[in-house]
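Naming: A, B, ... by sequence-line order, numbering from 1 per chain.
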There are 2 protein chains.
Amino acid sequence: MTSTDRPVSARTTRQRRAVSAALVDITGFCSAQEIHEIVKRRGDAVGLSTVYRTLQAMADADEVDVLRTDEGEALYRRCSSGHHHHLVCRDCGRTVEVEGPTVERWADRVAADHGFADVSHTLEIFGRCESCG
Amino acid sequence: MTSTDRPVSARTTRQRRAVSAALVDITGFCSAQEIHEIVKRRGDAVGLSTVYRTLQAMADADEVDVLRTDEGEALYRRCSSGHHHHLVCRDCGRTVEVEGPTVERWADRVAADHGFADVSHTLEIFGRCESCG
DNA sequence: ATCTTCATGACAACGATTCTCATTCCCGAG
DNA sequence: CTCGGGAATGAGAATCGTTGTCATGAAGAT
């Protein structure tokens with residue numbers, strides 16, 4: 001077994017292109033169902049299941065970011081590669097990607113101080129942007 | 001209307017005492033259903049609905065912290081008052097409350113730099129603790 | 001063009017959470 | 001102490017996001 005078993009396939013289909021295209025249109029985080037709506041509104045017919053599957057695949061491939069509402073709903077948004085966090089307007093959803101090397105180091109150090117290994121973290125900032133002021 | 005309308009009542013019942021008691025027993029974050037189980041195991045009979053209601057009320061009163069699994073499930077844990085974050089073992093759930101004044105300032109500054117007001121943030125650190133190493 | 005296989009979609013199923021509403025019981029007024 | 005009103009409870013139904021099922025459709029290799 002020299003090759004790591006690839007669970008993937010990544011077959012290019014009309015539906016996947018439609019979801020990707022819809023993601024380009026949005027600026028903030030959207031739920032799977034909202035994205036399904038957007039796809040429909042663009043004139044592409046894609047089943048809801050497929051939207052869910054596609055978004056999940058993209059999330060696995062780090063092509064979209066996922067975050068959770070207070071109510072537990074998953075929100076998606078296309079993202080730049082690499083580790084980053086988000087500054088999200090809680091009114092209009094406008095999102096700014098931010099980086100914080102200081103924070104990364106702080107988190108790793110805190111974890112190490114307590115004997116924790118294999119460290120990861122989640123960090124999101126919420127506020128109201130100027131246009132929504 | 002001189003008095004701020006208090007939506008609350010906080011009537012002391014056997015069930016609420018049972019949930020609070022169960023929360024004392026646990027060290028990590030537990031789901032509402034797990035807490036329901038713990039309450040039952042302790043010999044107190046409390047309906048699942050009531051556990052949910054009680055936990056929500058306690059969360060509103062900042063008596064418990066809530067965080068969300070990747071799968072969107074809500075986890076609860078009794079907490080100290082004041083703003084703090086968590087270092088959670090992703091295997092056993094053991095939790096350490098941590099503070100990070102630096103991070104707070106960083107988040108506020110980043111938000112301000114982008115014109116965001118009324119800022120809040122979420123931050124959790126995950127890892128594997130020594131006992132689970 | 002053909003064939004193999006992955007992808008799709010309508011719908012059922014699932015699981016966490018919330019709602020409903022008849023009943024229970026906390027607690028302050030009398 | 002007793003009563004009465006209204007909050008609290010709980011069993012089960014309902015909700016809602018999400019995932020599973022499986023027959024059909026379509027990429028892409030040969």
Side-chain angles (χ1 to χ4, degrees), chain A residues 3 5-23 26 29-61 63-77 93, chain B residues 3 5-23 26 29-61 63-77 93:
Chain A
S3 68
D5 50 288
R6 310 205 162 280
V8 294
S9 40
R11 190 171 282 186
T12 308
T13 66
R14 177 183 62 77
Q15 290 85 340
R16 289 180 189 180
R17 261 179 271 120
V19 171
S20 292
L23 283 168
I26 66 179
F29 279 90
C30 289
S31 70
Q33 315 223 18
E34 285 171 335
I35 290 167
H36 181 228
E37 278 303 314
I38 293 167
V39 167
K40 225 189 301 185
R41 205 169 301 133
R42 288 173 48 94
D44 300 306
V46 179
L48 182 55
S49 306
T50 300
V51 172
Y52 272 105
R53 274 187 299 241
T54 302
L55 288 171
Q56 237 172 284
M58 294 181 81
D60 289 345
E63 290 168 30
V64 296
D65 287 327
V66 189
L67 63 79
R68 292 265 168 191
T69 316
D70 280 349
E71 294 81 43
E73 191 179 19
L75 303 182
Y76 303 86
R77 178 177 180 276
Chain B
S3 69
D5 50 286
R6 308 202 164 285
V8 293
S9 41
R11 190 172 281 187
T12 308
T13 66
R14 175 183 63 76
Q15 290 86 340
R16 289 181 188 178
R17 260 178 272 120
V19 171
S20 292
L23 283 169
I26 66 178
F29 279 89
C30 290
S31 70
Q33 315 225 18
E34 285 171 337
I35 290 166
H36 181 229
E37 278 304 313
I38 293 167
V39 167
K40 225 189 299 184
R41 204 169 304 135
R42 288 173 48 95
D44 301 305
V46 179
L48 183 55
S49 306
T50 301
V51 172
Y52 272 106
R53 273 186 299 239
T54 303
L55 288 171
Q56 236 173 283
M58 294 181 79
D60 288 347
E63 291 167 29
V64 296
D65 287 327
V66 189
L67 63 78
R68 293 265 170 192
T69 317
D70 280 350
E71 293 81 44
E73 191 180 17
L75 303 181
Y76 303 86
R77 178 174 180 277

Whole-Å distance separating the [atom1] atom of [X] from the [atom2] atom of [N]:
X: R68(A); N: dC16(D); atom1: CZ; atom2: C1'; result: 13 Å
X: E73(B); N: dC16(D); atom1: CD; atom2: C1'; result: 16 Å
X: L55(B); N: dT17(C); atom1: CG; atom2: P; result: 10 Å
X: D70(A); N: dT17(C); atom1: CG; atom2: P; result: 13 Å

So do the side chains of [X] and [Y] get within less than 4.5 Å of each other, counting heavy atoms only?
X: K40(A); Y: E37(A); answer: yes
X: L75(B); Y: V66(B); answer: no
X: R17(A); Y: T12(A); answer: yes
X: M58(A); Y: S20(A); answer: yes
X: Y76(B); Y: D65(B); answer: no

Exercise. Nearest heavy-atom pair of V19(A) and V39(A): which atoms, and what distance?
Worked result: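 That closest heavy-atom pairing would be CA-CG2, 4.1 Å.
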
For this session: Take the C1' atoms of the five end pairs on each side of the helix from dA1(C)-dT30(D) to dG30(C)-dC1(D), get both axes, and report the angle to 10 degrees.
Result: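 Overall, the helix from dA1(C)-dT30(D) to dG30(C)-dC1(D) bends by 30° from one end axis to the other.
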
Problem set entry | All side-chain contact (heavy atoms from CB on, under 4.5 Å) counterparts of R77(B), not counting sequence neighbours |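 R77(B): side-chain contact (heavy atoms from CB on, under 4.5 Å) contacts with F29(B), H86(B), T95(B), E97(B).
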
Exercise. By side-chain contact (heavy atoms from CB on, under 4.5 Å), which residues pair with A57(A), not counting sequence neighbours?
Worked result: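 Checked A57(A) against side-chain contact (heavy atoms from CB on, under 4.5 Å); zero matches.
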
Exercise. Can you find a side chain N or O atom of R53(B) that sits less than 4.0 Å from OP1 or OP2 on dT18(C)?
Worked result: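 So the side chain of R53(B) is outside the cut-off, no N or O lying under 4.0 Å from OP1 or OP2 of dT18(C).
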
Exercise. Among all residues two or more places apart in sequence or in another chain, which pass the ring-ring contact (aromatic ring centres under 6.0 Å, His included) test with Y52(B)?
Worked result: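 By the ring-ring contact (aromatic ring centres under 6.0 Å, His included) rule, Y52(B) matches no residue at all.
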
All N/O contacts under 3.5 Å from nucleotides 25-30 of chain D to the protein, with atom names and distances to one decimal?
| unit_1 | atom_1 | unit_2 | atom_2 | d |
| --- | --- | --- | --- | --- |
| dA27(D) | N3 | R11(A) | NH1 | 3.3 |

Problem set entry | Any residue of residues 31-52 of chain A with a heavy atom less than 4.0 Å from an atom of DNA chain D |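 Output list: Q33(A), S49(A), Y52(A).
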
